[in-house]
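Below: the structure, in structure tokens.
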Amino acid sequence: MENLKEKIKQIRANFDTWERDLQDPSIISDQEKLLKLSKDYNEAKEVLEHYRRLEKINREIEELDQSLSGETENELATMVAEEKQRLLKEQAELTEHLREILNPANPNDKKNIIMEIRAGTGGDESTLFAAELFRMYSRYAEKRGWQAKIISSSRNTLGGFKEIILEISGKNAYRYLKYESGVHRVQRVPETEKAGRVHTSAATVVVLPEAEEVDFKIDPADLKIEATTSSGHGGQSVNTTYSAIRITHIPSGITVQCQDERSQIQNRERAMSVLRSRLLDAAEAKKRQEMSAKRKSQIGTGDRSEKIRTYNYPQDRVTDHRIKLTLHNLPTILDGGLDELIDGLRKADSN
């Protein structure tokens, strides 16, 4: 608790400084500084609000203890004891939440994410499965009050996705969805299968923390930017304006294309967001490789070629292979009911 108080003391000092700085014309005119300062200020404000609530609860518990002195068996004593139990529960939850905020396991946990879903083995069936994964994550985001927005997509004539890239914006999105990277396998009878045989196909999910300009600087001289016409199913042009954008980062060879926004400027902004996130992830992947000998996570290596989960339709079964967890509620999970899986993965990762 003393360690927590020391951190709160430092945050209060910073908060007062940041509050004054936000009124400074020289900072207001500098968008980069203003963005970072506003982010720090809002995070500190949330921490201080939680801590004020915790202090209030502590005082209320002390007052209840005093009122209970000498009273053990009457109706009032029972009511006071019940209220104390409620406050103790909230006290523990708030304390744990503050510790989690102040000591994040991953500095990217608070960030929005870029999610990339790609069809894998299994032909057309894998593209349909990729579309179902997209819907599953979109529904999960909706249930948490987050926003999911498509950045780029490539459909086939069956309505499946060869590839879809989306941005999911919301509080702690990366903290909850970072475990979804890997190969997702589906076992079911395809609609096109007349003999009723169960087929296995797969799709790959990549989850990247969304990198802001303050997180990762890109030299404009390292970019090759091309404007093209948007394309639909089969690659045919769907309009004659050059609104689609393709950006190549020359040193790394990474290429990003975005065509789902209406204007070239919007597509460029979205493509740059994906590019920054991929470059940041590549840098962090290098760090993870260096640290892998020091720490082995219970939930796997983070290798995107790793098979992490199987969705078995005939048995109404979902199995996460990293934590050996099997659930028999496939329709609920595909409708965004991922809480039990994600909670299990977070718990395993914290042990």
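- Electrostatic pairing of Glu82 and Arg86 does not count as a salt bridge here, judged by no charged N lying under 4.0 Å from a carboxylate O.
- No side-chain donor-acceptor contact under 3.5 Å links Asn58 and Glu62.
- Contact check for Ile150 versus Phe134: side-chain heavy atoms found under the 4.5 Å cut-off.
- Under the 3.5 Å distance criterion, the side-chain polar atoms of Lys36 are left unmatched by any main-chain donor or acceptor of Lys33.
- Among residues two or more places apart in sequence or in another chain, the ring pair (Phe, Tyr, Trp, His ring centres under 6.0 Å) test is passed with Phe129 by Tyr311.
- The number of heavy atoms from other shown groups lying within 6.0 Å of CG (Leu22) is above 12.
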- From CA spacing to verdict: salt bridge (Lys or Arg N to Asp or Glu O under 4.0 Å), Glu142, Arg139: CA-CA 5 Å; Glu142 182 183 329; Arg139 291 285 292 135; 3.1 Å; yes

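- The side chain to side chain donor-acceptor pair (under 3.5 Å) check on Glu163 picks up Arg118, with sequence neighbours excluded.
- Put simply, the side chain of Ser273 reaches to within 4.5 Å of the side chain of Glu210, judged on heavy atoms.
- Between Glu226 and Arg246 a salt bridge is recorded (basic side-chain N to carboxylate O distance below 4.0 Å).
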- Hey, mind stepping through Asp339 and Arg144 against side chain to side chain contact (heavy atoms under 4.5 Å, CB included) and telling me if it holds? CA-CA 10 Å; Asp339 289 333; Arg144 294 198 70 92; 4.0 Å; yes

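- Side-chain contact between Leu166 and Ile117 is present, with at least one heavy-atom pair separated by less than 4.5 Å.
- Using a 4.5 Å cut-off on side-chain heavy atoms (C-beta onward), Leu341 and Arg309 make contact.
- Pairing each heavy atom of Ile323 with each of Ala348, the nearest pair is CG2-CB, 3.6 Å.
- To the nearest 0.5 angstrom, Asp109 atom CG is 11.0 Å from Leu177 atom CG.
- Considering all non-hydrogen atoms of both residues, Lys178 and Val207 come closest at CA-CG1, 4.1 Å.
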- Give the C-alpha distance, both sets of side-chain angles, the deciding distance and a yes or no for side chain to side chain contact (heavy atoms under 4.5 Å, CB included) between Leu338 and Ile333. CA-CA 5 Å; Leu338 291 167; Ile333 290 169; 3.8 Å; yes

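- Arg12 meets the side chain to side chain contact (heavy atoms under 4.5 Å, CB included) test with Ile8, Leu48, Tyr51, Glu55; sequence neighbours excluded.
- Evaluation of the side chain to side chain donor-acceptor pair (under 3.5 Å) rule for Asp30 yields no partner, not counting sequence neighbours.
- Ionic pairing of Glu63 and Arg59 is not present here: no N-O contact between side-chain nitrogen and carboxylate oxygen is shorter than 4.0 angstrom.
- Not one N or O on the side chain of Thr127 forms a donor-acceptor pair closer than 3.5 Å with the backbone of Ala119.
- For the pair Ala131 and Gly160, the tightest heavy-atom approach, listed with the atom from each and the gap, is CB-CA, 4.2 Å.
- Summarising the local packing, CZ of Arg268 is surrounded by 12 or fewer heavy atoms from other residues, nucleotides or ligands at distances under 6.0 Å.
- Ser277 contributes a side-chain N or O that, together with a main-chain N or O of Ala211, makes up a donor-acceptor pair within less than 3.5 Å.
- Checking side-chain atoms of Asp222 against main-chain N and O of Ile250 turns up no donor-acceptor pair under 3.5 Å.
- Listed for the Ser152 side chain is a donor-acceptor partner under 3.5 Å among the backbone atoms of Gln257.
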- Message: Under the criterion side chain to side chain contact (heavy atoms under 4.5 Å, CB included), I'd like the reasoning laid out for Val198 against Tyr313: C-alpha separation, chi angles, the key distance, then a yes or no.
- Response: CA-CA 9 Å; Val198 174; Tyr313 277 67; over 6 Å; no

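- A chain of hydrophobic side-chain contacts below 4.5 Å, direct or via other Ile, Leu, Val, Met, Phe, Trp or Tyr residues, connects Ile225 to Ile151.
- The side-chain heavy atoms of Arg270 and Ile165, taken from C-beta on, include no pair separated by under 4.5 Å.
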- salt bridge (Lys or Arg N to Asp or Glu O under 4.0 Å) between Lys110 and Glu46, worked out: CA-CA 13 Å; Lys110 299 174 183 177; Glu46 179 188 4; over 6 Å; no

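- The CG atom of Leu133 lies 11.5 Å from the CG atom of Leu128; values are rounded to the nearest 0.5 Å.
- Contact between Ser201 and Gly122 at its shortest, heavy atoms only, is CB-CA, 3.6 Å.
- In this structure Thr332 satisfies the side chain to side chain contact (heavy atoms under 4.5 Å, CB included) test together with Asn329, sequence neighbours excluded.
- Separation of atoms CG (Leu35) and CG (Asp40) is listed at 9.5 Å; rounding is to 0.5 Å.
- Minimum interatomic distance between Trp146 and Ser169 (heavy atoms only, all atoms of both residues): CB-O, 3.2 Å.
- Using modelled atom types, one side-chain atom of Lys143 and one backbone atom of Asp335 make a donor-acceptor pair closer than 3.5 Å.
- Taking the side chain to side chain contact (heavy atoms under 4.5 Å, CB included) definition, one finds that Ser252 meets it with His249, Ile254, Leu279, sequence neighbours left out.
- Rounded to the nearest 0.5 Å, atoms CD1 (Ile168) and CD (Gln147) are 11.0 Å apart.
- In this structure, Ile308 and Tyr179 approach most closely via the heavy-atom pair CD1-O, 3.9 Å.
- In Lys45, the NZ atom is not crowded: 12 or fewer heavy atoms of neighbouring residues, nucleotides or ligands sit closer than 6.0 Å.
- For the pair Met79 and Glu83, the minimum side-chain heavy-atom distance is 4.5 Å or more.
- Residues Leu223 and Leu275 have side chains in contact (heavy-atom distance under 4.5 Å, counting atoms from C-beta outward).
- Salt bridge Asp349/Arg322: absent, no basic N to carboxylate O contact under 4.0 Å.
- Contact check for His50 versus His97: side-chain heavy atoms found under the 4.5 Å cut-off.
- For the atom pair CG (Leu54) and CD (Glu90), the distance works out to 9.0 Å, reported to the nearest 0.5 Å.
- Here Ile245 contributes atom CD1 and Cys258 contributes atom SG; the two are 9.0 Å apart, rounded to the nearest 0.5 Å.
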- Under the side chain to side chain contact (heavy atoms under 4.5 Å, CB included) criterion, do Glu49 and Arg52 qualify, and how do the steps go? CA-CA 5 Å; Glu49 285 174 353; Arg52 279 193 289 269; 3.6 Å; yes

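- At most 12 non-hydrogen atoms from other residues, nucleotides or ligands lie less than 6.0 angstrom from CD of Glu340.
- Side chain of Asn156 to backbone of Gly159: a donor-acceptor contact under 3.5 angstrom is found.
- Looking at Thr310, Thr319, Asn312, Asp320 one by one, the single match for side chain to side chain donor-acceptor pair (under 3.5 Å) with Thr326 turns out to be Thr319.
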